[in-house]
Protein chains: 2
Amino acid sequence: MIIRIETTSDVPIYTQLTNQIIEGIARGDIQYGDSLPSVRAFAADLGVNMHTVNKSYHELEKKGIIKIVPKSGAIISPSKQVTNEMNERIHSEIKPIIAEALVLGVKKEQIQQLIFSIMEEMKER
Amino acid sequence: MIIRIETTSDVPIYTQLTNQIIEGIARGDIQYGDSLPSVRAFAADLGVNMHTVNKSYHELEKKGIIKIVPKSGAIISPSKQVTNEMNERIHSEIKPIIAEALVLGVKKEQIQQLIFSIMEEMKER
DNA sequence: CAATTTGTTCTACACATTATAGAACAGTTT
DNA sequence: AAACTGTTCTATAATGTGTAGAACAAATTG
């Protein structure tokens with residue numbers, strides 16, 4: 001799985017990493033039960049600091065996507081159930097973007113089409 | 001139009017303001033051609049700093065949503081055409097959220113339904 | 001015309017975030 | 001036993017966020 005970090009981006013490195021790992025799982029590049037590289041190995045591979053990778057892993061754990069086993073590794077954990085908190089977070093994150101698209105003149109049908117095309121790249125579970 | 005600022009949020013105040021103004025336009029609370037309050041008046045109203053409101057206005061102008069007329073005011077500008085840059089920005093903002101939702105176990109149909117319900121609150125143009 | 005209001009620009013300060021770096025620790029794996 | 005694991009700590013530099021006050025020139029208002 002290829003990770004691309006843009007140091008010039010205004011998006012923090014640990015967020016870029018978190019998002020690309022999530023997309024990797026959604027695409028099916030990484031399977032449930034797989035382990036992520038150790039924070040040191042991944043950091044060396046990406047050319048970033050160990051603590052930056054560590055922060056990304058903890059973000060993923062907070063989101064409920066991986067399980068960090070102390071002194072062992074980070075394992076992609078199977079999604080059990082969608083909690084209210086998860087639904088609300090998704091809703092509040094998507095809403096401003098939809099509003100912006102509409103205000104900019106994107107038609108509702110085009111937005112539905114955009115969502116569809118994004119989801120087509122990803123594996124259904 | 002009611003603006004709610006949460007100072008404890010990890011979302012910057014100027015971003016909260018930007019998003020709520022965009023949602024106000026999308027909902028139809030603010031019409032095209034309307035003026036936004038002056039940065040000083042709005043800041044006093046919201047209980048935040050003038051510069052914070054100013055930053056939000058410039059963010060809105062950068063997005064192509066308002067036109068700031070120097071020494072005059074900020075006017076909601078009609079959406080002319082959707083540029084490639086706009087489409088790409090929307091795509092790159094939505095993609096990680098969709099991926100996250102899928103990984104968390106939200107079904108594709110549920111996501112389409114969520115998008116639909118968000119858009120239902122908003123006025124078609 | 002005079003006063004007020006407008007966005008703009010500047011300096012300044014406090015605080016939080018981001019990213020890097022190195023060291024040390026205890027538990028796990030090899 | 002050696003290597004590797006995540007964790008925790010201190011430290012530093014750069015950047016982002018928010019507030020504050022002052023000044024300016026242009027536009028608006030009375």
Side-chain angles (χ1 to χ4, degrees), chain A residues 3-22 30 33-77 89 92-93 96, chain B residues 3-22 30 33-77 89 92-93 96:
Chain A
I3 302 285
R4 247 176 276 275
I5 299 298
E6 291 183 28
T7 49
T8 57
S9 169
D10 55 340
V11 180
I13 296 174
Y14 71 87
T15 304
Q16 293 182 45
L17 183 54
T18 299
N19 286 341
Q20 290 185 44
I21 291 170
I22 292 173
I30 320 174
D34 283 356
S35 286
L36 291 174
S38 78
V39 289
R40 283 181 177 85
F42 213 174
D45 188 31
L46 297 172
V48 299
N49 195 274
M50 180 194 75
H51 302 295
T52 306
V53 177
N54 195 249
K55 189 166 185 178
S56 172
Y57 281 11
H58 280 275
E59 205 184 12
L60 286 165
E61 192 179 42
K62 195 181 170 192
K63 284 173 185 288
I65 293 171
I66 68 172
K67 179 90 187 110
I68 299 175
V69 186
K71 317 293 167 194
S72 177
I75 297 141
I76 314 294
S77 58
R89 194 179 63 219
S92 65
E93 280 172 356
Chain B
I3 303 284
R4 248 175 275 274
I5 299 297
E6 290 182 28
T7 48
T8 56
S9 170
D10 55 341
V11 180
I13 295 174
Y14 71 86
T15 304
Q16 293 182 44
L17 183 55
T18 300
N19 286 343
Q20 290 186 42
I21 290 170
I22 292 174
I30 319 175
D34 284 356
S35 286
L36 291 174
S38 78
V39 290
R40 282 181 178 84
F42 213 174
D45 189 30
L46 297 172
V48 300
N49 195 274
M50 181 194 73
H51 302 294
T52 306
V53 177
N54 196 250
K55 189 166 184 177
S56 172
Y57 281 11
H58 279 275
E59 206 184 11
L60 287 165
E61 192 179 40
K62 196 181 171 192
K63 285 174 184 287
I65 292 171
I66 68 172
K67 178 90 188 108
I68 299 175
V69 186
K71 317 293 167 193
S72 178
I75 298 142
I76 314 294
S77 57
R89 195 180 62 220
S92 65
E93 280 172 356

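The chains referred to below are lettered A, B, ... by the order of the sequence lines, with proteins before strands, and numbering in each begins at 1. Treat the numbers as computed from the prediction; the structure is a model and nothing was measured.
Nearest heavy atoms, B:Val39 versus B:Met50: CG2-CG, 3.9 Å. A:Ile3 approaches A:Gln20 most closely through the heavy-atom pair CA-OE1, 3.4 Å. Between B:Ser92 and B:Pro96 the shortest heavy-atom distance is O-CD, 3.1 Å.
Once rounded to the nearest 0.5 Å, the distance linking CZ of A:Arg40 with CG of A:Asp45 reads 15.5 Å. The distance from the CD1 atom of B:Ile65 to the OG atom of B:Ser77 is 8.0 Å, given to the nearest 0.5 Å.
Between the CZ atom of A:Arg40 and the P atom of D:dT7 there is a distance of 11 Å, rounded to whole Å. Whole-Å rounding puts the B:Tyr57 OH to C:dT8 P distance at 11 Å. Following rounding to the nearest Å, B:Glu59 (CD) and D:dG16 (P) show an atom-to-atom distance of 13 Å. Distance B:Ile5 CD1 to D:dG18 C1': 13 Å, rounded to the nearest Å. Distance CZ (A:Phe42) to C1' (D:dG6): 16 Å, rounded to an integer number of Å. B:Leu46 has its CG atom 10 Å from the P atom of D:dT19, to the nearest Å.
Within the 4.0 Å cut-off from OP1 or OP2 of C:dT6, at least one side-chain nitrogen or oxygen of B:Ser38 is found.
At least one side-chain heavy atom of B:Leu17 sits less than 4.5 Å from a side-chain heavy atom of B:Leu46. Side-chain contact between B:Lys63 and B:Arg89 is present, with heavy atoms from C-beta onward closer than 4.5 Å. In this structure, the side chains of B:Ile75 and B:Ile66 stay at 4.5 Å or more apart for every pair of heavy atoms. A:Thr18 is not listed as a side-chain neighbour of A:Tyr57, based on a closest heavy-atom distance of 4.5 Å or more.
Residue A:Phe42 is tested with A:Val53, A:Val48, A:Asn54 for a side-chain contact (heavy atoms from CB on, under 4.5 Å); the sole match is A:Val53.
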Can you check nucleotides 27-30 of chain C for protein contacts, nitrogen or oxygen pairs under 3.5 Å, and list what you find?
residue: C:dT28; atom: O4'; partner: A:Lys71; partner atom: O; Å: 3.4

What does the list of N/O pairs under 3.5 Å between the protein and nucleotides 16-19 of chain C look like, with a distance for each?
residue: C:dT18; atom: OP1; partner: A:Tyr14; partner atom: OH; Å: 2.7
residue: C:dT18; atom: OP2; partner: A:Tyr14; partner atom: OH; Å: 3.0
residue: C:dT18; atom: OP2; partner: A:Lys55; partner atom: NZ; Å: 2.9
residue: C:dA19; atom: OP1; partner: A:Ile13; partner atom: N; Å: 2.6
residue: C:dA19; atom: OP2; partner: A:Ile13; partner atom: N; Å: 3.4

So which protein N/O to nucleotides 8-11 of chain D N/O distances come out below 3.5 Å?
none

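No donor-acceptor pair closer than 3.5 Å links the side chain of B:Glu61 to the backbone N or O of B:Lys67.
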